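Note that this is a predicted model, so its numbers are computed, not measured. Note on naming: letters A, B, ... go to the chains in the order of the sequence lines (proteins, then strands), and numbering restarts at 1 for each one. Computation of the quantities below employed the complete heavy-atom set of this structure, encompassing side-chain atoms and omitting hydrogens, waters and symmetry-equivalent molecules.
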Amino acid sequence: MKILKVGDTQKAACNSCEAFTNVTFKLRDVPFSDASGTVKNVLVGVCDQCDSVAVLPHQSTPAVKKQLEVQRKALESRVPAHMIDILNLVCVELSGGTEFIPGLMKHYIHLLSNNEIPSQGIPKLLNSDLAKGKAEKRLSLKGRFLVDDLNHLKEITNIKSTTDLIKGIVLRMYDDVLVKKNKRTIKKLKMIIAAIA
Amino acid sequence: MGFKEVKSKVIACLDTGHISHEERNDINIKNLLSTGVVSVSEVAHIIGLSKGFNYSSSPHHFDTTIDVHLIKTTVSGKIWYIKWYVVEPDSVFISVHH
């Protein structure tokens, strides 16, 4: 197996320069083409002329695979039992079965993270009585954008714990769908259920 | 260079680890070899099964002295599309997907 070192050079096609140029191997943070995440500090061939990443040596592919696996890994949270009841009721309200909970949560988190549904008020909901209770049930979510979306939401809401954030999101969904019956949010969530049903 | 030579060369590159993957300032998640979805030996196996009629080549549009090689072949019901060029001593994969 050929192993390259930082500082090694080779010739490769640079799509930014639209030419074969010299590339130098450097450690870079490189995003995925679908913007689902970034492989940090990975050895790549960088064009000497335009500084674009032109080539990935095969020795870097395990780091790429590992990052993709991290993104796909299920996110497990333990929440009070009534949180799952809330999600079940939300799903029923939206005309879907309870099997839609993971998909619905994932999309709701994405909408909150992208500010398509305002996330303000989530920290306040964590002080409510419904936020309390022994964590007795497991909520498992999986998705390539989930970790990034949750990290972004943590920054926006200033909630550090993932479990607290999940609880806050469930309570926000409860507030939106079952208490205030927010028509705009319900319409968006019904569209999601229609898409994944 | 004929198909047999091209095939031998790329399989030798895969066997010896003289391979890299073309990127466009990000990591192409559709390249199943660069993302580790398929292994080097699997790609070598697929290329090894291909025949001359599965193969085509054309000059690289950045440098016409460099050929871009393409194998389109069906293995276990999947249509594989494998595209690469050679800059000695390496083969640089542009696409590996099905």
Side-chain angles (χ1 to χ4, degrees), chain A residues 1-5 8-26 28-47 49-72 144-145, chain B residues 9-47 57-70 81-97:
Chain A
M1 168 62 77
K2 180 185 175 184
I3 296 292
L4 289 156
K5 307 186 300 295
D8 284 350
T9 59
Q10 77 174 46
K11 191 178 162 189
C14 172
N15 281 283
S16 299
C17 297
E18 297 191 343
F20 277 82
T21 61
N22 279 319
V23 298
T24 302
F25 287 90
K26 298 177 182 178
R28 284 279 172 93
D29 293 347
V30 188
F32 288 118
S33 54
D34 64 353
S36 64
T38 299
V39 187
K40 292 192 172 168
N41 221 19
V42 66
L43 189 73
V44 286
V46 177
C47 175
Q49 288 180 27
C50 72
D51 209 40
S52 293
V53 173
V55 72
L56 178 87
H58 195 70
Q59 71 196 61
S60 294
T61 59
V64 172
K65 188 180 182 186
K66 189 179 168 191
Q67 180 59 31
L68 281 170
E69 281 170 355
V70 166
Q71 288 175 205
R72 285 180 181 139
R144 297 207 27 227
F145 296 94
Chain B
K9 170 70 186 168
V10 71
I11 289 173
C13 285
L14 285 161
D15 286 345
T16 57
H18 282 85
I19 55 169
S20 54
H21 310 279
E22 183 174 289
E23 306 296 355
R24 298 184 175 203
N25 220 17
D26 51 26
I27 293 167
N28 178 12
I29 61 148
K30 290 182 180 171
N31 182 336
L32 300 181
L33 185 57
S34 72
T35 52
V37 177
V38 290
S39 68
V40 164
S41 54
E42 283 172 296
V43 173
H45 176 69
I46 293 161
I47 293 173
S57 71
S58 57
H60 199 293
H61 58 294
F62 296 166
D63 183 340
T64 54
T65 64
I66 295 172
D67 283 330
V68 175
H69 308 282
L70 171 65
Y81 184 94
I82 302 171
K83 195 175 175 184
W84 75 97
Y85 63 83
V86 177
V87 176
E88 290 293 350
D90 294 339
S91 288
V92 182
F93 285 88
I94 300 167
S95 297
V96 178
H97 67 263

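No part of A:Val46 comes within reach of chain B, as not one of its non-hydrogen atoms sits under 4.5 angstrom from that chain. In this structure, no portion of B:Ile94 lies under 4.5 Å from any heavy atom of chain A. With a 4.5 angstrom heavy-atom cutoff, B:Thr35 touches chain A via backbone and side-chain atoms both. Looking at B:Asp90, the atoms closer than 4.5 Å to chain A (heavy atoms on both sides) all sit in the side chain, from C-beta outward. Of the two parts of B:Val40, only the side chain, counted from C-beta on, holds a non-hydrogen atom closer than 4.5 Å to a non-hydrogen atom of chain A. No part of B:His61 comes within reach of chain A, as not one of its non-hydrogen atoms sits under 4.5 angstrom from that chain.
Using a distance-only test at 3.5 Å, with no hydrogens or angles considered, no donor-acceptor pair links the side chain of B:Tyr85 to the main chain of A:Ala12. A side-chain donor-acceptor contact under 3.5 Å links A:Ser33 to the backbone of B:Ile27. Listed for the B:Asn25 side chain is a donor-acceptor partner under 3.5 Å among the backbone atoms of A:Val53.
Atom-to-atom distance recorded for A:Ser52:OG and B:Glu23:CD is 12.0 Å, nearest 0.5 angstrom. Atom OG of B:Ser20 is separated from atom CD of A:Gln59 by 10.0 Å, given to the nearest 0.5 angstrom. Atom NZ of A:Lys2 is separated from atom SG of B:Cys13 by 9.0 Å, given to the nearest 0.5 angstrom. Distance check: B:Asn31 CG to A:Thr61 OG1 gives 9.5 Å after rounding to the nearest 0.5 Å.
Chosen from A:Val64, A:Asn15, A:Val30, the residue pairing most often with chain B at heavy-atom distances under 4.5 Å is A:Asn15. Contacts with chain A were tallied for B:Lys30, B:Arg24, B:Glu22; B:Arg24 has the most, counting heavy-atom pairs under 4.5 Å.
A:Cys14 and B:Phe62 make their closest contact through O-CE1, 3.5 Å (heavy atoms, listed as atom of the first residue, atom of the second, distance). For B:Ile29 against A:Phe32, the heavy-atom pair with the smallest separation is CG2-CD2, 3.5 Å.
Within residues 16-24 of chain A, the residues approaching chain B closer than 4.5 Å by heavy atoms are, in numerical order, A:Glu18, A:Ala19, A:Phe20.
In this structure the side chain of A:Lys11 reaches within 4.5 angstrom of the side chain of B:Asp63, judged on heavy atoms.
Around NZ of A:Lys65, the count of heavy atoms belonging to other residues, nucleotides or ligands within 6.0 Å does not exceed 12.
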